Every structure is written in C-alpha cells, then in structure tokens.
Chemist: 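Okay, handing you the structure first.
Atom set for the values below is all heavy atoms of this structure, side chains included, hydrogens, waters and symmetry mates excluded. Please read all numbers here as calculations on a predicted model, not as lab measurements. The first residue of the sequence shown is numbered 1, and numbering continues consecutively from there. Numbering of ligands and ligand atoms starts at 1, following listing order.
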Amino acid sequence: MPTNLAKESAACAAVNEQIHNNVRIIGIGSGSTIIPAVKRIAEIVQKDNLDLICVPTSLQARELILSNGLKLSSLVEHQELDLAIDGADEIDEQFNCIKGGGGCQTQEKLVAFCSKKFIVVADEKKWSKRLGNTWTKGIPIEVIPIAYKITKKEIEKQLGGEVIVREGTEKLGPVLTDQGNFILDWKFDASKTSNWSDVNQTLKMIPGVVETGLFVNMIYKAYLGNSEGKVEVKTNPAISS
Ligand SMILES: O=C[C@H](O)[C@H](O)[C@H](O)COP(=O)(O)O
C-alpha cells in the first residue's frame, strides 16, 4: 500500500540516521508510523549489540517495545532522554505539530520535553503550510472527566470554534486516555489561528486541561516519506543539533 510505504520509508530513514552508539535512552512514540520505526530499531540494536533503553509514550508503545525484544523503562527511572521518535498528525512549516489523533498526546509531550532531540516520522501529506489545512479533526486536548463540560464551554468562549467530546466506536460514551481522562477535539478556524504558542498557553490556563496535542516548535527533524518510498528530511533551523 502506498501510504504504508511512505510511513515505512520515513520511519526507517529516521532510525538509520539517528540510532547509534551515543543514543542510550530513547523515547518511543505512538501511532501507526512508529510501528516500522521500532521494528527497525530492534534490528539495529541486535545487529550492533547496542545497549538501548526505551521509554514509552503509551500502552501501545510499551507493548511495541516489549514485543520487539527491546529494553523497557519509564520517566520515573529516566528524565533525560537522548532522543524521542514519534509520529504526527500534521506538521507546519514552522515545525509546530498536532499530535493525539490516537489520544496519546500527554505522555508523548512529556517524553518529547525530556528528550535532547525530538524527531517525527510521517507520510509527506502531513506536512502543510498551516495547521488545520490537512488535519481537520481538531486539536486533541486531554481533560479530567469531571471538567469536560466546563473546559468545552471555556475553550469555545475564549478561542471560538467548536469542541467535540471524543467518543468511542466500539464503546458508548467518551474515549478514555491511558491516564483515564477524556479527550476534547477542538475544531478551530485554520485561516484565523496562527500564534500557536499563545493558543497553547490559553488552553493550558483553563482549569481541568491536562495537556494539549499542540507541540509548539519542539521538532528537531521531520522525516517525510512519499508513496514511492523517497524521504525528505526537514531540519528546524530554530533548534540546534
Ligand atoms: O495519539 C497518537 C499520536 O499522537 C500519533 O503519533 C499520531 O496520531 C500519528 O499517528 P500515525 O503515525 O498513525 O499517523
């Protein structure tokens, strides 16, 4: 499938370039693009006999680490990571991105924050001029369950747009995150919103908000694969290596 080739190529190019002896502790992201990345990490670890410790960003990532025979740890043991590798839902030209399409943004942001370098792997279609151009499901925001009505009302009042409580497909009612919280998807007007740092601050100031899926200028490199298996690497000039 072309999309899989795009994701796989991006994942493998990133891992081939970034995994070496000096990387001892790595954050493992969540989603579908991270699956071939972890597989490739495991191959390199075995081939080069590396001693690599992996910190997961979700229950999915934890299972991926274990099923690929990698060493599992957590942010309780390690708060300084050499690298974090993750997928993204949309990345803009200023290297801001939206994450959390699969509901994992809170642990993902913590792990990215603790990492010296944060790299993303994605299909090239995820790269866009402005956030909201290609990812139209909104910005995922994790909130504590008791606050969901207050936070929904407050986000709409302060920032406009529409907030949807994310619901399950195989279960009635709200989706629960790995932390047992709810997710709100904030649908914003892409043409009116651009200061993502301010938007993120505003969201984080609302009581009941745990974390947002807005990653403001955190990416060091984005590896973008296309349907022919070619990979373009974009490097953020604002973050030194
Ligand atoms: O919550 C999910 C994560 O933020 C994923 O990394 C993101 O949704 C991208 O996923 P995928 O690699 O499946 O496109």
Side-chain angles (χ1 to χ4, degrees), residues 1-15 26-41 54-65 68 81 83-92 95-115 118-128 131-143 164 166-169 174-187 196 200 203 210-216 218-227 231:
M1 283 225 323
T3 309
N4 286 347
L5 182 59
K7 291 179 182 182
E8 267 177 48
S9 316
C12 290
V15 171
I26 183 174
I28 300 293
S30 309
S32 55
T33 322
I34 204 67
I35 298 172
V38 177
K39 193 166 162 248
R40 184 69 193 131
I41 291 171
C54 300
V55 174
T57 54
S58 61
L59 285 170
Q60 181 222 3
R62 185 188 160 92
E63 286 308 315
L64 265 178
I65 293 165
N68 280 279
L81 281 56
L83 177 74
I85 179 167
D86 208 335
D89 296 309
E90 188 175 14
I91 311 149
D92 75 10
F95 293 84
N96 302 308
C97 75
I98 298 176
K99 290 185 50 55
C104 303
Q105 69 275 9
T106 297
Q107 288 188 47
E108 289 177 335
K109 198 181 275 187
L110 263 173
V111 166
F113 177 76
C114 293
S115 303
F118 173 56
I119 62 169
V120 294
V121 288
D123 185 310
E124 66 169 7
K125 295 192 189 96
K126 306 271 186 89
W127 181 264
S128 85
L131 295 183
N133 277 2
T134 59
W135 179 257
T136 53
K137 292 182 181 170
I139 292 175
I141 300 161
E142 180 162 346
V143 300
I164 314 280
R166 196 182 295 184
E167 302 222 327
T169 48
V175 168
L176 291 187
T177 67
D178 286 351
Q179 290 70 242
N181 292 316
F182 289 2
I183 298 172
L184 304 180
D185 288 299
W186 171 51
K187 298 194 172 206
W196 294 114
N200 196 46
L203 290 168
V210 176
E211 194 47 86
T212 80
L214 256 179
F215 286 50
V216 181
M218 293 177 84
I219 297 171
Y220 164 56
K221 276 185 188 218
Y223 292 78
L224 306 166
N226 73 12
S227 55
V231 179

Chemist: Out of A37, G29, G102, whose heavy atom sits nearest atom 2 (C) of ligand 1?
Modeler: G102

Chemist: Side chain or backbone, does S32 bring an N or O within less than 3.5 Å of an N or O on ligand 1?
Modeler: yes

Chemist: Are any of the side-chain heavy atoms of I91 and L224 separated by less than 4.5 Å?
Modeler: yes

Chemist: In terms of atom number and element, which parts of ligand 1 are under 4.0 angstrom from non-hydrogen atoms of C104?
Modeler: 1 (O)

Chemist: When you measure from atom 14 (O) of ligand 1 to every protein heavy atom, which one gives the shortest distance, and what is it?
Modeler: K126 NZ, 2.7 Å

Chemist: Report yes if some N/O of G31 lies less than 3.5 Å from some N/O of ligand 1; otherwise report no.
Modeler: no

Chemist: Can a donor-acceptor pair be found between the side chains of S58 and D178 at a distance below 3.5 Å?
Modeler: no

Chemist: Classify the contact between P140 and ligand 1 as side chain, backbone, both or neither, using a heavy-atom distance cut-off of under 4.0 Å.
Modeler: neither

Chemist: Using a strict cut-off of 4.0 Å, indicate which atoms of ligand 1 neighbour a heavy atom of A88.
Modeler: 9 (C)

Chemist: Got the closest protein heavy atom to atom 12 (O) of ligand 1, with its distance?
Modeler: T33 OG1, 2.5 Å

Chemist: Any sub-3.5 Å donor-acceptor pair from K137's side-chain atoms to D185's backbone N or O?
Modeler: no

Chemist: Using every non-hydrogen atom in the two residues, find where K109 and L214 come nearest and quote the distance to one decimal.
Modeler: NZ-O, 2.8 Å

Chemist: Look only at interatomic distance and state if D89 has a nitrogen or oxygen under 3.5 Å from any nitrogen or oxygen of ligand 1.
Modeler: yes

Chemist: Tell me if a side-chain donor or acceptor on E124 pairs with a main-chain N or O of A6 at a distance below 3.5 Å.
Modeler: no

Chemist: With ring pair (Phe, Tyr, Trp, His ring centres under 6.0 Å) as the test, pick out the partner of F95 among F215, W127, Y220.
Modeler: W127

Chemist: Verify, without hydrogens or angle tests, whether E90 (side chain) and T134 (backbone) share a donor-acceptor contact under 3.5 angstrom.
Modeler: yes

Chemist: Between D86 and ligand 1, which residue portion shows a heavy-atom distance shorter than 4.0 Å: side chain, backbone, both, or neither?
Modeler: side chain

Chemist: Taking D89 for the side chain and G101 for the main chain, is one N or O donor matched with an acceptor at less than 3.5 Å?
Modeler: yes

Chemist: Would you tell me which option among S30, C97, A10, G100 has the nearest heavy-atom contact to atom 5 (C) of ligand 1?
Modeler: S30

Chemist: May I ask you to identify the nearest protein heavy atom to atom 3 (C) of ligand 1, giving residue, atom name and distance to one decimal place in Å?
Modeler: E108 OE2, 3.0 Å

